[in-house]
Amino acid sequence: MSDFDLRFWSHKAADWTADYHESLDERPVRAQTQPGDIAKQIAAVPPEQAEAMEEIFSDFETIIPEGMTHWQHPRFFAYFPSNASPASIIAEQLAAAMSAQCMLWQTSPSATELEMKMVDWLRQALGLPEDFQGTFQDTASTATLCAVLTMRERALDWKGNVEGLFDKAPLRIYASGRTHSSIDKALWVAGLGQNNLVKIPTDDNFAMKPDDLRAAIKKDREAGLIPAGVVICIGGTSIGACDDAAAICAIAKEEGLFSHVDAAWAGSAMICPEFRYLWAGVEDADSIVFNPHKWLGVSLECSAHFVKDPATLVRTLAIQPEYLKTYGKDGIVNFSEWSVTLGRRFRALKVWFMMRAHGLEGLRTMIRNHVKWAVRLAEQLRAQNDFEIVTDPILSLFSFRYAPDGVEDLDALNLKLVNAINDDGRIYLTQSVHEGQLVIRFMTGQFEMEEKDIDIAFETITEIARGL
Ligand SMILES: *Cc1c(COP(=O)(O)O)cnc(C)c1O
């Protein structure tokens, strides 16, 4: 192993990284390969003998980028972003160089102490009160699972982990129908069952109806079920729906339920005070998740999970086998006790690099531009008489349809349009189903994006639609 020229290949990878970023603009955003195109270029069996790095690297260059969808492309307007600032990419390389397993304070004090600081930097950046502490989970799905497990243990007086759920009345969790599928999955994994996720109807603004929530809780109690928690959606995936956090947190408090806010995407925008009205009242929640790996420029994976009372989370998740006990030091945090997995990567380093390289002002400018540009495109499309805006921009996300006169099946037409756009490669969009109709989503959030990319988006969308 010792003759591996780490220095040479690290330089080579660094050059490749810079070249790749410079070439992004010329690449099709969504991979244009067919199923199996990449697999057939990969050897069917593992090599018995070592191969030269020259060959490995050259295969990487010729095979892999072709089959990648380029999430760092300036015209990635699909899903939500997974943007990675250059500074965070560098930090990720350094973290990989050390590859520490950061489960306990003593297994890397720098990782733990930097994580405590970075979570607190983000707390301040978002304008959350001091009584929130937190950790970096890998993804929002995991943070939500941790929150649902906490709801479960808290409602069962901490007996679920030990006794299982067999002889217990069903636990009930409430959320609007606009929440992300990760909430459903959290209930599956926590053993609570899909049927115990109660989807509360939403109002004209796509927010959970507080009175319906109250009524559902009452009905469940009367039926002998155990209301355990509520998940509040701020910035839903389909069209950006937001619940009324203040109203829902108030009900959760009255009813003794644990509240968890899923702001995986929208949370990043809360570094701008003018957007905080979207989650007004959030300071009363028990748990909040947002993904710096979506819109803030921290490379995957990095999900900030804030909690009011870490003791409930740790009581739910800490196993503390004897060999993991760290003795002697008061006030040390072992973040593996705050999460499902034992092994943890050093995620805080890329947050530190990213926030220092851009500063909050730089990041606010980026987010404000994204919102402004999305609004601009929505207005441009609205002004065309063959396009309609279906849902107005919420932050930098809106949905639209191509609706020329005389077409009956607009769903089929718009599906055809979104596929044609993605085959074209200049931009990348995804569709959603909203109120029973197929809509095309448009979302800005890419770190390197410029205003001219909106012009390209407008040209591409209108040109392809009218040429169908
Ligand atoms: C992206 C997203 C998730 C899932 O995030 P992961 O980090 O991929 O698990 C959950 N909720 C919302 C609202 C999201 O936008």
Side-chain angles (χ1 to χ4, degrees), residues 69 71 76-84 88 119 122 126 134-149 173 175-190 197 199 202 206-208 229-245 248 259-270 275 278-279 282 285 287-306 339-341 344-345 347 350-351 367 370-371 374 391 393-399 430-434 441-446:
T69 290
W71 286 71
F76 183 100
F77 301 125
Y79 304 98
F80 281 139
S82 182
N83 67 20
S88 109
V119 170
L122 289 169
L126 267 50
T135 187
F136 291 128
Q137 309 283 8
D138 52 4
T139 60
S141 304
T142 301
T144 294
L145 173 60
C146 292
V148 167
L149 290 168
I173 312 279
S176 91
R178 315 269 169 189
T179 44
H180 190 263
S181 58
S182 57
I183 321 296
D184 301 61
K185 213 180 230 183
L187 269 89
W188 303 0
V189 178
L197 177 58
K199 302 250 168 120
T202 50
F206 317 119
M208 190 188 325
V230 56
V231 179
I232 297 165
C233 172
I234 302 294
T237 314
S238 180
I239 53 105
C242 293
D243 289 329
D244 178 347
I248 306 303
S259 55
H260 171 65
V261 174
D262 177 7
W265 162 66
S268 295
M270 304 309 170
F275 298 133
L278 287 171
W279 72 358
V282 73
S287 163
I288 303 169
V289 65
F290 99 97
N291 282 352
H293 76 220
K294 272 190 168 144
W295 200 358
L296 220 47
V298 180
S299 62
L300 262 174
E301 303 140 330
C302 184
S303 206
H305 184 195
F306 300 100
S339 52
V340 172
T341 59
R344 312 181 77 249
R345 299 175 61 237
R347 300 195 182 96
K350 55 195 175 185
V351 179
I367 293 215
H370 289 160
V371 172
T391 57
I394 294 177
L395 298 170
S396 66
L397 169 66
F398 68 91
S399 67
T430 37
Q431 72 274 15
S432 183
V433 174
H434 177 69
R441 291 168 80 260
F442 189 91
M443 177 295 313
T444 53
Q446 217 295 315

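Just the heavy atoms: all of them, side chains too, but no hydrogens, waters or symmetry mates, feed the values below. First listed ligand is number 1; within each ligand, the first listed atom is number 1.
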Does S303 have a heavy atom less than 4.0 Å from any atom of ligand 1?
no

With a cut-off of 4.0 Å, which atoms of ligand 1 are near a heavy atom of N291?
5 (O), 6 (P), 7 (O)

What residue and atom, counting heavy atoms only, is the protein's closest point to atom 9 (O) of ligand 1, and at what distance?
S141 OG, 2.5 Å

Taking 4.0 angstrom as the limit and counting only heavy atoms of F80, give me the atoms of ligand 1 inside it, by number and element.
15 (O)

I'd like to know whether ligand 1 has E301 as a neighbour, heavy-atom separation below 4.0 Å.
no

Give the atoms of ligand 1, by number and element, whose distance to some non-hydrogen atom of T237 is under 4.0 Å.
12 (C), 13 (C), 14 (C), 15 (O)

If the cut-off is 4.0 Å to any non-hydrogen atom of H293, which atoms of ligand 1 fall inside it?
7 (O)

Selected option - heavy-atom contact closest to atom 11 (N) of ligand 1, from T142, V289, D262
D262

What residues form a side-chain hydrogen bond (donor to acceptor under 3.5 Å, both in side chains) with S303, not counting sequence neighbours?
N291

Using a 4.0 Å cutoff against the non-hydrogen atoms of T139, which atoms of ligand 1 qualify?
6 (P), 7 (O), 9 (O)

Have a look at D262 and tell me which of I234, I183, T179 forms a side-chain contact (heavy atoms from CB on, under 4.5 Å) with it.
I183

Give me the residue, atom name and distance of the protein heavy atom closest to atom 14 (C) of ligand 1.
K294 NZ, 2.9 Å

H434 and S432 side chains, donor-acceptor separation under 3.5 Å:
no

Do S287 and H260 have side-chain atoms, one donor and one acceptor, less than 3.5 Å apart?
yes

Mind checking whether A264 has an N or O less than 3.5 Å away from an N or O of ligand 1?
no

Are any of the N or O atoms of S182 closer than 3.5 Å to those of ligand 1?
no

Quick one: does H305's side chain get under 4.5 Å of V119's, heavy atoms only?
no

Test of understanding: with side-chain hydrogen bond (donor to acceptor under 3.5 Å, both in side chains), list the residues that count as partners of T139, not counting sequence neighbours.
T142

State, with a plain yes or no, whether a side-chain heavy atom of R441 is found less than 4.5 Å away from one of F80.
yes

Residue G235 vicinity, atoms of ligand 1 by number, heavy atom under 4.0 Å:
13 (C)

Quick check: do K350 and H293 have side-chain heavy atoms less than 4.5 Å from each other?
no

Shortest protein heavy-atom distance from atom 4 (C) of ligand 1, along with the residue and atom involved
H180 CE1, 3.4 Å

Does the ring centre of Y79 sit less than 6.0 Å away from the ring centre of W71?
yes

